[in-house]
Amino acid sequence: MNRQSRPQKIASYDPSKIEKKWQKKWASSKVYKSQERKVQGANGSKYYVLDMFPYPSGEGLHVGHPKGYIATDIVSRMHRMQGKNVLHPMGFDAFGLPAENYAIKMKMDPAVAMKKNVARFKKQLEIIGLDYDWSREVNTTDPAYYKWTQWAFLQMYKKGLAYESNEPVNWCPKDKTVLANEDVENGLCERCGTPVEKKPMRQWVLKITDYADRLLADLDATDGSSKPLLDWPESIKEAQRNWIGRSEGAEIDFKIKDSDKVIKVFTTRPDTLFGVTYLVLAPEHPWVKELLPRVSNKAEVEVYISKTQHETEIERTDAKRDKTGVELKGVKAVNPANGEEVPVWIADYVLADYGTGAVMAVPAHDERDWEFAKKFGLPIRHVVVPERKATTTDIAFHDGESVIKRNVIRAVVKHWSEDKYLVLNWNEHGWKTFISGGIEDGESFVEAAVREIREETGYKNISFIGEIGGPIRALFYAPHKDQNRIDIQQGLLFKLKDGEQIEVSEDEHKKHTAEWLPFSKASEIFNATLVDQVLLARIDNHQMGAYTDSGVLIHSGEFDDKASSIAMKDITAFAGGRWVTRYKLRDWVFSRQRYWGEPIPLVHCEKCGVVPVPEKELPVKLPKVNSYEPTGTGESPLAAISKWVNVKCPKCGGKGRRETNTMPQWAGSCWYYLRYEDPKNKKALVDPKKEKYWSPVDLYVGGAEHATRHLIYARFWHKFLKDIGVVSTIEPFTKLQSVGLIMGEDGRKMSKRFGNVVNPDDIVARFGADTLRVYEMFMGPFDQSIAWSTDSIVGARRFIERVWKLVYKAVSEYGSEGTRAGREGGRAQALDQQGQTAGSREAISDTASRTINKAIKKVTDDIDGLRFNTAISALMIAANELEKLEAVDRASFETYLKLLAPFAPHVAEELWAALGNKKSIHISPWPQYDPTLAVEEERRIIIQINGKVRGSFMAKNGATDAELGSAAKQAPEARKWLDGKDIKKMIVVPGRLVNFVIG
RNA sequence: GCCGGGAUGGCGGAAUUGGUAGACGCACACGACUCAAAAUCGUGCGGAGCAAUCCAUGGGAGUUCGAUUCUCCCUCCCGGCACCA
């Protein structure tokens, strides 16, 4: 090829020259504007791609932030080129603690600090070349925006979903505000890490629990077909399910003896009701105060209550901590199932705000109750036991024979010095079993066991270690007595002090001999009923405490012998209880005692009580104050501005006082995605027509850390807005994709604290925005956390430069030396002007178009599936293949640029223009995949011998199995293995492989 | 503890109705160009072995002609929930 004909006019790649130029041009020509005229278009043609809008902190962006924005940018660009009306907006979420704390630190007005930060963020986003429609920008701190946040709150208030409460709530002493449950992580304030205290405070609360069932159920809803309504990562759905924490169970009333009061308990295990041995109330339970006068140890109880009140959440909820509690002496509760009187305790392991604040304690079947009972010496009664049935025919239950029920002990005896167990070897049957026997009148379990051990083995110095969990029910046939037996077998663990023995009776000796079996040989123990195996497993796994699984009921009156799981509802009914559903989700504490948030639009009137601000007076603007510092008094700094606070009551005109609490950080983000659809509307939150056109969001991309806050809150608001007719869909976000973090080069989280922050501006300056974009998308699977590597980024840059050079092949090799392609935008010459033979031209363009065609499919599918790393890989492969060709026809190269355009919009646009195109590549039509081009004439067929790859050969497409088989047999690699061998079987996978199975 | 997701070369990662493991990129080595270096281009690059070949997708079993892919058990890592009755 004639290299001299390379056009001189295309300069070498210099991102700093082209990127700003195109960014300006795109903005001025409004390439990305989601035009209103299209709002009238067919509904199917819209595509709404949304990023979780940033919170403009003072630190600016690091390279991890734009990762999600680049992804949505790529997706939205492809959809735009595919002819859809794309909505890809951006805005800022700027109310709340972090911004306020930053402003206080910098001694600035939060509003001023926010403006500065927003400007900086926007600039940082701009240089990356993102295709946002900035005409739709929203900002949650803009009064024109928060007017509608306040409006939505008022609608909730009117529907009874916002209520005032004085319950104890999470209080952060450092940030001096109450926190929602969601803002507390392991008992610490999510923002500052300070241990959270429980404090009764006046606060506004949103009744999100009213929506708990819908929030949960719609996670698994389908869209009418079998497709899930929410195409969300399973991990996020699961996090929400956990957070909502639905559980079904029974509410059961325990009467207090000599009182008309009733203690309601909530339990998920009403089947264990007959095993209740005491009740426990939360120290805050309202009855505690009322019962106090009749409690004989009043002082002790009061000390305990005040102690628990002074604990932080982290102390209170530490499960590893020893159980504490105190009995309300003199108070008895009556078990409605059996009329038994049981003591009543208070203990801080029972939470006041879950269930009913009281539990029925069944130590035999609940680990916490077990621990508590052991510590305070309370009785333990087993009522649910696992069942084992003999299965071998000789000892399986015989139909028709009589059935005997017995209480039996099984003694597991450890050797005094070795890791061995004492078993009986039954002469007649050859069984090895643990020692067992019935209980005689007046004997305890341990006494019975000690007697049996002595009688059967002669060992006499025995010490008791403990019960091996609860009893086990065993069903089997005893051949020597001709009877079916139902044994309730209690396992007991012993250890011998020494080997001293007494004489064993002749009788016993005939039956069996004692033997020591090492633990490793435990499988030799006769296991027809499996009871001994269960005992060993319990010892091995240290499961000697509560039995928490289901099983068969005992000591349960008329419910004996029934399956516990089936008896649950019957026992509930029998005890006069109710079947109920409970959630872990708590109502959303919605007020903050801080300045920087939306004012809550309510007025407190001496006469009328709480009065909502009339809608026409919205927004209630946040006034300027002299001091932003939180007061810590339970009032926000707004309380100090008497001009603002003191208003006329909207209802009676009398003296009123504005609510001074503000909304939490998460308020504005609950509905911002709706405002983008109609950002300037002064009359409504969103115009119903526009809402109907754009909603729901088709793709939502953001951090997984929002799983149990923003994403639950937003779903809650959305469902409420649906209920009042503001929105048309039951869920806001159809598809959700979480972004994997970009870690620092040291593998730690990117943070100023670790000094490992990489600034995107620096990367753009050094390598260009296109390189940054390609690199971030190429790093690995999009949702995975991967460490940044400035070393590896050169790969992305090299790739772009190789594409840049490919343009020479496209414009010159077929063109004359007069080609003016280049920065002047001269149009490339048509293919056939140069002296090439038609045949080779065709061959080359055929190869090129096949290469491109493959890439079209892969790139399109991968962008749709958000597999950007493999899409880029496909682009690299295509570039490598094009490079090998002597020339590339223009059409193929232009198609290639289109595929590249979403990833590297500046380079693609520059080269596109260099080829003479006048309109932006970003509004050119997306290429179509041609399946006929994918059909190849020949394919490589793999030869396998016994499943191992031994060679390959080329075969015509469409060759029959027989043809492939004989061709494979002829191949030298196959001959080597097949000669002199018997071919037992031949497997042909058409178009793939031939496998010979030989002896 | 319960639930969800993972584990593949020196590194990031490819590979799905079970069919050539390691695509693509980084790093590295050698070669070309250069006075030299950088850049660029070319070649190689899982391990062992001169080779034939063998071993290899966290570990162990199983199903199969054939397993990174399916089943069971185990280990470790990440994430969510957690004294929620």
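Residue numbering restarts at 1 for every chain, and letters A, B, ... go by the order of the sequence lines. No hydrogens, no waters, no symmetry mates; every other heavy atom, side chains included, goes into these values. These numbers were taken from a predicted model, which means no experiment stands behind them.
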A:W370 and A:H382 aromatic ring geometry - parallel, tilted or perpendicular at 30°/60° bounds: tilted
Name each donor-acceptor pair under 3.5 Å that joins a side chain in residues 985-999 of chain A to protein atoms two or more places apart or in another chain, with its distance.
| unit_1 | atom_1 | unit_2 | atom_2 | d |
| --- | --- | --- | --- | --- |
| A:N995 | OD1 | A:N946 | N | 3.4 |
| A:N995 | OD1 | A:G947 | N | 3.0 |

Aromatic plane relationship, A:F903 with A:F868 - under 30° parallel, 30 to 60° tilted, over 60° perpendicular: perpendicular
Between B:A85 (P) and A:I252 (CD1): distance, integer Å: 14 Å
Side chain to side chain donor-acceptor pair (under 3.5 Å) between A:T771 and A:Y13, worked out: CA-CA 12 Å; A:T771 298; A:Y13 175 57; 4.5 Å; no
Give each protein N/O atom lying under 3.5 Å from an N/O atom of nucleotides 60-67 of chain B, with the pair distance.
| unit_1 | atom_1 | unit_2 | atom_2 | d |
| --- | --- | --- | --- | --- |
| B:C65 | O2 | A:N995 | ND2 | 2.2 |

B:A61 versus B:U69 - spacing of their P atoms, nearest Å: 14 Å
Contact letters for nucleotides 75-83 of chain B, in which S counts primed atoms plus P, OP1 and OP2 and B counts the base, heavy atoms under 4.0 Å: -----BS-B
Same-atom distance (C1') from B:U57 to B:G49, integer angstrom: 22 Å
Exercise: identify the closest heavy-atom pair between A:K237 and A:L219: NZ-O, 3.2 Å
Test item: A:L711 and A:M52 side chains (from C-beta on) under 4.5 Å apart, heavy atoms: yes
Listed pairs, N/O of protein and of nucleotides 7-10 of chain B, under 3.5 Å:
none

Salt-bridge contact A:D366-A:R269 (side-chain N to carboxylate O under 4.0 Å): no
Nearest-nucleotide 5' precedence on RNA chain B, A:R992 against A:R867: A:R867
Distance between C1' atoms of B:U75 and B:G60 (Å, rounded): 10 Å
Ring-face cation contact, A:F372 with A:K323, 6.0 Å cut, 45° max: no
Whole-Å P distance, B:A32 and B:C26: 22 Å
Rounded distance in Å between the P positions of B:C54 and B:A15: 28 Å
Glycosidic class, syn or anti, of B:G10 using a 90° window around 0: anti
Atom pair distance, as rounded to whole Å: CG in A:L964 and C1' in B:U20: 16 Å
B:G79 and B:C83, which share atom name C1', separated by this distance in whole Å: 22 Å
Heavy-atom protein contacts under 4.0 Å, nucleotides 22-29 of chain B, coded B base, S sugar-phosphate only, - none: -BBSSS--
Whether A:H365 and A:Y547 hold their rings parallel, tilted or perpendicular, with breakpoints at 30° and 60°: perpendicular
Between P of B:C11 and CE of A:M779, the distance in whole Å: 16 Å
Test: A:E371 and A:K374 ion pair at under 4.0 Å: no
Sugar-phosphate only, base, or nothing, as touched by A:V989 at under 4.0 Å among non-hydrogen atoms: base
Atom-pair distance (CG on A:D353; P on B:A85), nearest Å: 13 Å
Note: A:D348-A:R321 ion pair, threshold 4.0 Å (strictly below): yes
Side-chain ion pair, A:R316 and A:E284, N-O less than 4.0 Å: yes
Side chain to side chain donor-acceptor pair (under 3.5 Å) evaluation trace for A:D587 with A:T209: CA-CA 6 Å; A:D587 279 340; A:T209 51; 2.6 Å; yes
Student check: side-chain heavy atoms of A:V350 and A:W345 closer than 4.5 Å: no
A:D253/A:R578 ion pair, N-O < 4.0 Å: yes
Sugar-phosphate only, base, or nothing, as touched by A:P781 at under 4.0 Å among non-hydrogen atoms: sugar-phosphate
Rounded distance in Å between the P positions of B:G80 and B:U16: 30 Å
For RNA chain B, stems built from three or more consecutive Watson-Crick or G-U wobble pairs below 3.5 Å: B:1-7 with B:75-81, B:10-12 with B:24-26, B:28-32 with B:40-44, B:46-48 with B:53-55, B:58-62 with B:70-74
Interatomic distance where CG belongs to A:L993 and P belongs to B:U20 [whole Å]: 7 Å
Cation-pi, A:F782 ring and A:K67 (6.0 angstrom, 45 degrees): yes
Separation of B:U16 P from A:D861 CG (nearest whole Å): 13 Å
Atom pair distance, as rounded to whole Å: CZ in A:F868 and P in B:A14: 14 Å
Touch class at under 4.0 angstrom, heavy-atom based, for A:R950 against every strand present: sugar-phosphate
A:R582 bridged to A:E251 by N-O distance under 4.0 Å: yes
Minimum heavy-atom distance between A:I236 and A:L736, given as atom pair plus value: CG2-CD2, 3.9 Å
Gap between atoms CD and P, on A:E776 and B:G13 respectively (whole Å): 15 Å
C1' spacing across the pair B:G13 / B:C70, given as an integer number of angstrom: 24 Å
